[in-house]
Amino acid sequence: MLSSEMQAIVENARESGWIMEPEAKRMLDLSGLNVPDFSMAATVENALAAADHIGYPVVAKVVSAAIVHKSDVGGVKVGIQDAAELNTVFETFSALKGFAGMLVEEMLTGTELIVGATKDYQFGPVILMGIGGTGVEIYKDTVIRMAPITEEDVHAMVTGLKGADLLRGYRGEDPISIPDLIRLMITFSDLVMDLEDDMVSIDLNPVKCTGRRCVVADARIILNTFNSESS
């Protein structure tokens, strides 16, 4: 069940039709999913203070209700090393359409996965998992299950990926934590069921997994603006 704070996040985003990343990550955090250390910065001073707290290098992302796909407009900058570079990035982002601020967050490493959900009009909510990152639309290495999913479903989803060896440790690379991936997937499935009447789709891409944890590096939640309960 959604908490009152989570319900407020949904309702506050209803008019725009989607939950922007800072609020989406807050919702994921409240649901029990791991997210990076992050801060929303409305001013360059806020951004610099956030980076000092998090520790360089950091990632910066534009926050704008007019920009759904940040990478398409140059609204993501990774590996920012110092205050001077962060200041320059803030100035660049501030010229983008609908600029409301900048998300400053910790740098993550790990194997990239995509996790998502959509509402099928015949079958209801379905959960997707696949090899993620920028190449996800090229390789299309994904598997789908109807929600809610079980631990056995997650094991089957991993096995069903062509790139499953990347998760188990390929050519000397460290394997990811499958137990943590299972926990993430089941927690996400629970959230999807709670949002069944409110969501159109949820995209977590990438989710970065190591041998210690799986963390949602980016998130977007598209809402059903015709939910009768909101009128």
Hey, does the side chain of [X] reach the backbone of [Y] with a donor-acceptor pair shorter than 3.5 angstrom?
X	Y	answer
D194	M1	yes
T142	G130	no
S64	K97	yes
D141	G163	yes

Measure the shortest side-chain to side-chain distance between [X] and [Y] over non-hydrogen atoms and say whether it is less than 4.5 angstrom.
X	Y	answer
V10	M27	yes
M185	M157	yes
N205	V115	no
L191	L28	yes
I131	K162	no
P22	V63	yes
V207	E112	no
T111	K208	no

Self-check item: Set of residues satisfying salt bridge (charged side-chain N to carboxylate O under 4.0 Å, His left out) with respect to D52, sequence neighbours excluded
Solution: none
Quiz item: With clusters built from Ile, Leu, Val, Met, Phe, Trp and Tyr whose side-chain heavy atoms come within less than 4.5 Å, directly or transitively, what are the remaining members of the cluster of Y121, listed by chain and number?
Solution: none
Would you say [Y] ends up clustered with [X] if hydrophobic residues are merged whenever their side chains have heavy atoms under 4.5 Å apart, either directly or through other cluster members?
X	Y	result
F38	V44	no
I176	L108	no
L2	L33	yes
I9	V192	yes
Y170	L167	yes

Taking every non-hydrogen atom, the tightest pair across [X] and [Y]:
X	Y	result
K119	E196	NZ-O, 3.0 Å
L86	A47	CD2-O, 3.4 Å
S39	I54	N-CD1, 4.5 Å
M107	G79	SD-N, 3.3 Å
A50	V104	CB-CB, 4.2 Å
T210	G110	CG2-CA, 3.8 Å

Please check if the number of heavy atoms outside [X] that lie under 6.0 Å from its [atom1] is greater than 12.
X	atom1	value
E173	CD	no
H53	NE2	no
R212	CZ	no

For the atom pair [atom1] ([X]) and [atom2] ([Y]), what is the distance rounded to the nearest 0.5 Å?
X	Y	atom1	atom2	value
R14	L223	CZ	CG	6.0 Å
N12	I19	CG	CD1	9.5 Å
L103	E21	CG	CD	5.0 Å
R145	F123	CZ	CZ	13.5 Å
M129	D153	CE	CG	10.0 Å

Exercise. Would you please test L113 and L181 for side-chain contact (heavy atoms from CB on, under 4.5 Å) and show each step?
Key: CA-CA 10 Å; L113 298 176; L181 177 60; 3.7 Å; yes
Self-check item: disulfide (SG to SG under 2.5 Å) contacts touching residues 141-209 (sequence neighbours left out)
Solution: C209-C214
[X]: partners by side-chain contact (heavy atoms from CB on, under 4.5 Å), with sequence neighbours left out:
X	answer
S71	V76
I144	V126, L128
L96	V62, I67, V73, F93
P148	S189, M193

Quiz prompt | From CA spacing to verdict: side-chain contact (heavy atoms from CB on, under 4.5 Å), K25, E105 | solution = CA-CA 11 Å; K25 281 185 171 170; E105 63 184 39; 2.5 Å; yes
Quiz item: D190 and T187: side-chain donor and acceptor closer than 3.5 Å?
Solution: no
Quiz prompt | side chain to side chain donor-acceptor pair (under 3.5 Å) contacts in which one or both residues fall within residues 72-82, not counting sequence neighbours | solution =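 For residues 72-82, and leaving out neighbouring residues, there are no side chain to side chain donor-acceptor pair (under 3.5 Å) pairs at all.
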Quiz item: Restricting to pairs with a member in residues 83-96, which pass side chain to side chain donor-acceptor pair (under 3.5 Å), not counting sequence neighbours?
Solution: N87-E91
Exercise. May I have the step-by-step check of side-chain contact (heavy atoms from CB on, under 4.5 Å) for D120 and M146, ending in yes or no?
Key: CA-CA 9 Å; D120 185 276; M146 292 174 58; over 6 Å; no
Quiz prompt | F99: partners by ring-ring contact (aromatic ring centres under 6.0 Å, His included), with sequence neighbours left out | solution =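 For F99 the ring-ring contact (aromatic ring centres under 6.0 Å, His included) partners, ignoring immediate neighbours, are F90.
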Exercise. Could you note down all residue pairs passing salt bridge (Lys or Arg N to Asp or Glu O under 4.0 Å) where residues 29-46 supplies at least one of them, sequence neighbours left out?
Key: R26-D29
Donor-acceptor contacts under 3.5 Å from residues 215-222 side chains, at least two apart:
{"from": "D218", "atom 1": "OD1", "to": "K70", "atom 2": "NZ", "distance (Å)": "3.4"}
{"from": "R220", "atom 1": "NH2", "to": "D203", "atom 2": "OD2", "distance (Å)": "3.2"}

Quiz item: Are I186 and T150 close enough, and set up right, to give a side-chain contact (heavy atoms from CB on, under 4.5 Å), and what steps lead you there?
Solution: CA-CA 7 Å; I186 292 177; T150 65; 5.8 Å; no
